[in-house]
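Residue numbers start at 1 and run along the sequence shown.
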Amino acid sequence: MIVKVSVVIPVYNMEKYLARCMDSVLAQTLKEMEIILVDDGGSDGSVAMCDAYEKQYENVTVLHKENGGLTSAWKAGSQLAKGNYIGYVDSDDFIEPDMFERLLREAEKEDADIACCGLKHIYESGNHQEWTEQMEFPEQVFTVETLKEHVFPVLINDGSFMGRHLMPNRVTKIVKSQLVKKNLSMCDDRVSIGEDYQFSLCMFLDAEKVVIVKDFFPYYYYMNDSSMTMKYDEHYMDKIKIMKENLCRISDAKGAYDLKPQIINDFLCLTVLHIKGGIYKKKSAPYREHRADMKKICRDKEVADAMNSYQMPDLSMAERLFLFFMKHHMYFAIFMAVRIYFR
C-alpha cells in the first residue's frame, strides 16, 4: 500500500480514552494512511489495546518503548513513518473523519512542506465553554520569502503580552517526512513545557512553503480533569528555562531569522503568568509564602535579564505596571494586584 500520511499516536496510560481516539483515526476518509501507536512504557490496559489494534488492522503498527516522555514517544514513532507526510494525534483527543484527507489535498496542491488547520478545545468537566484556535495570518500560502517578511517577525511574539502567532501544536499539522526526520535531533526530550514549540519552530524555519487551511477545526483537543490541575508547580521556572534555551539554540542553528528577542519576550510573559497563577492556586497560603515565591522568581538572573531586555511596545499600562513591580521587587503590590483581579 502506498502510504501518503503516517499518523503517530503517543500512548501512555490512556486506557480510558484510547478507543475514542482510535475510532476517529480509523474512520478517516483518507485510505492511504498508516497508524503508528507508540506505547511509552504504559502500565494500564492501553498496552494490550495497542497490541489488539495491531492484530486487527493491517495499517496499524505498534512500538513498545521504555517511558521517556511525550517528546521521546512522538520522535520514536516518527522514525518509523513511511508516509510522504507525518501527522500526529494525542491519545486522549479525537478528530473529524476528513482531517487528514483535506490537509493532504491542500499540501499536495501547493507542494507544501507543512499544512496547518485549527483545533477546538473541549472540556471533560463541562464547566468551561468550548472554543476554537487557529493561526491568524492574512494569507493562506507562504513561501520562504513571505515567511521571512510576514511570519517570522511575529512568530513567537508580536510585541504584545503573549502575542504568539505560531500555533505550535504538532497535532494541527502534517509535515513532509524528510523535514520531520531531519529535525528530530533538534527536539530535546527534556522539554516538558512547550514540547511542541521546538517541533513547530524547526519545521517553520526550514520550510519552503506552508499552507494554512483557514476556519477548519477538525481536531478536538480534550482537556480532562487531571490535565487541568490547580497544583502549584515549584519546578515551572526550571522547565520554561529549558524551553527558552532550546528555542534559542534552534534559532541560532537554523540562522533563518533571529527569534531570540521574541523568545525572551515569551519567557517573560510565561514568568508573569506563573507568578499570577501561583498567587491564585495557593490563595489559602500566608503572604510570607507568596513573598518567598515571588522573591525567588524576580531575583532570578534570567528573569532579571529578561526584564532589562524585553521588547514589547504594545503592552497595556497594567502590564507595564506589573513588570515595574517585578523589576523593583514590590512584592506586596504584585500580591494585591493579583488578589484584586481574581476576587
Side-chain angles (χ1 to χ4, degrees), residues 71 86 88 103 106-107 110 112-119 132-176 179-180 182-184 186-188 191 193-216 219 221 239-273 302 306 309-315 319:
T71 298
I86 302 177
Y88 302 90
L103 284 176
E106 298 299 327
E110 297 290 342
D113 295 299
I114 308 170
C116 313
C117 64
L119 57 73
T132 58
E133 181 182 6
Q134 65 180 340
M135 280 195 262
E136 299 294 347
F137 289 108
E139 295 88 359
Q140 290 184 250
V141 181
F142 294 93
T143 62
V144 172
E145 292 75 20
T146 53
L147 282 168
K148 288 182 178 180
E149 183 178 354
H150 298 296
V151 177
F152 293 165
V154 295
L155 191 64
I156 295 176
N157 183 272
D158 63 3
S160 65
F161 188 81
M162 291 305 295
R164 294 175 169 180
H165 285 250
L166 172 62
M167 189 175 171
N169 315 68
R170 282 172 296 109
V171 296
T172 57
K173 302 169 181 65
I174 61 170
V175 184
K176 281 187 176 178
L179 188 57
V180 173
K182 169 187 173 183
N183 282 291
L184 291 178
M186 298 290 292
C187 297
D188 191 335
V191 177
I193 288 180
E195 299 99 328
D196 288 351
Y197 243 108
Q198 55 184 344
F199 169 85
S200 292
L201 188 59
C202 286
M203 305 309 153
F204 269 73
L205 289 175
D206 277 351
E208 296 186 1
K209 187 175 282 190
V210 176
V211 174
I212 298 174
V213 185
K214 300 286 285 185
D215 301 320
F216 180 45
Y219 193 97
Y221 188 85
K239 293 175 181 178
I240 64 171
K241 286 179 186 178
I242 292 172
M243 180 183 78
K244 173 177 69 73
E245 290 165 8
N246 198 44
L247 294 182
C248 288
R249 180 176 64 88
I250 291 168
S251 176
D252 285 342
K254 297 299 182 185
Y257 192 90
D258 182 12
L259 290 161
K260 285 185 288 186
Q262 295 181 49
I263 294 167
I264 297 300
N265 290 352
D266 191 70
F267 169 74
L268 186 57
C269 292
L270 291 175
T271 301
V272 169
L273 292 179
E302 291 184 53
S309 63
Y310 75 87
Q311 302 172 26
M312 288 184 280
D314 297 328
L315 292 179
E319 290 159 351

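The minimum heavy-atom distance linking Glu133 with Met167 is given by the pair O-CE, 3.4 Å. Closest heavy-atom contact between Ala306 and Phe267: CB-CD2, 4.1 Å. Heavy atoms only, all atoms of each residue included: Val154 and Gln262 are closest at C-OE1, 3.5 Å. Taking every heavy atom of both residues into account, Val211 and Ala112 meet most closely at CG2-CB, 3.5 Å. Considering every non-hydrogen atom in both Val213 and Gln134, the closest pair reads O-OE1, 4.4 Å. Across all their heavy atoms, Pro261 and Gln311 have their closest contact at CB-NE2, 4.1 Å.
Shown here is Tyr221, whose OH atom has no more than 12 heavy atoms of other residues, nucleotides or ligands within 6.0 Å. Atom NZ of Lys214 has more than 12 heavy atoms from other residues, nucleotides or ligands within 6.0 Å.
At distances below 3.5 Å, at least one donor-acceptor pair connects side-chain atoms of Asp113 with backbone N or O atoms of Glu208. The main-chain N or O of Ser160 is found under 3.5 Å from a side-chain atom of Asp158 such that the two form a donor-acceptor pair.
Counting only heavy atoms from C-beta outward, the side chains of Met162 and Leu270 approach each other to under 4.5 Å. The closest side-chain heavy-atom distance from Ile86 to Val175 is not below 4.5 Å. The side-chain heavy atoms of Asp266 and Leu247, taken from C-beta on, include no pair separated by under 4.5 Å. At least one side-chain heavy atom of Val141 sits less than 4.5 Å from a side-chain heavy atom of Lys209. Counting heavy atoms from C-beta outward, Thr71 and Gln198 have side chains that approach closer than 4.5 Å. For the pair Met135/Cys116, a side-chain contact is recorded, criterion being any heavy-atom separation below 4.5 Å from C-beta on. Counting heavy atoms from C-beta outward, Leu166 and Tyr197 have side chains that approach closer than 4.5 Å. In this structure, the side chains of Ser251 and Asp258 come closer than 4.5 Å at one or more pairs of heavy atoms.
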Apply side-chain contact (heavy atoms from CB on, under 4.5 Å) to residues Arg249 and Asn246 and explain how you reach the verdict. CA-CA 5 Å; Arg249 180 176 64 88; Asn246 198 44; 2.3 Å; yes
Lys182 vs Asp206, side-chain contact (heavy atoms from CB on, under 4.5 Å): CA-CA, chis, key distance, verdict: CA-CA 10 Å; Lys182 169 187 173 183; Asp206 277 351; 3.3 Å; yes
Assess the residue pair Lys173 and Phe204 against the criterion (side-chain contact (heavy atoms from CB on, under 4.5 Å)); give the C-alpha distance rounded to whole Å, side-chain angles, the decisive distance to 0.1 Å, and a yes or no. CA-CA 11 Å; Lys173 302 169 181 65; Phe204 269 73; 3.9 Å; yes
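Remark: Ile264 CD1 to Cys269 SG distance equals 11.5 Å, nearest 0.5 Å. Rounding to the nearest 0.5 Å places OG1 of Thr143 at 10.5 Å from CD of Glu110. The line from CG of Asp314 to CD of Glu319 is 10.0 Å long, rounded to the nearest 0.5 Å. In this structure, the separation between SG on Cys248 and CE on Met243 is 10.0 Å, given to the nearest 0.5 Å. A distance of 14.0 Å separates CG in Leu155 from NE2 in His150, rounded to the nearest 0.5 Å. Once rounded to the nearest 0.5 Å, the distance linking CG of Leu205 with OH of Tyr257 reads 11.0 Å.
Within the cation-pi definition used here (under 6.0 Å to the ring centroid, within 45° of the axis), Arg170 qualifies as a partner of Tyr88.
Under the 30°/60° scheme for interplanar angles, the aromatic rings of Phe137 and Phe142 are found to stand perpendicular.
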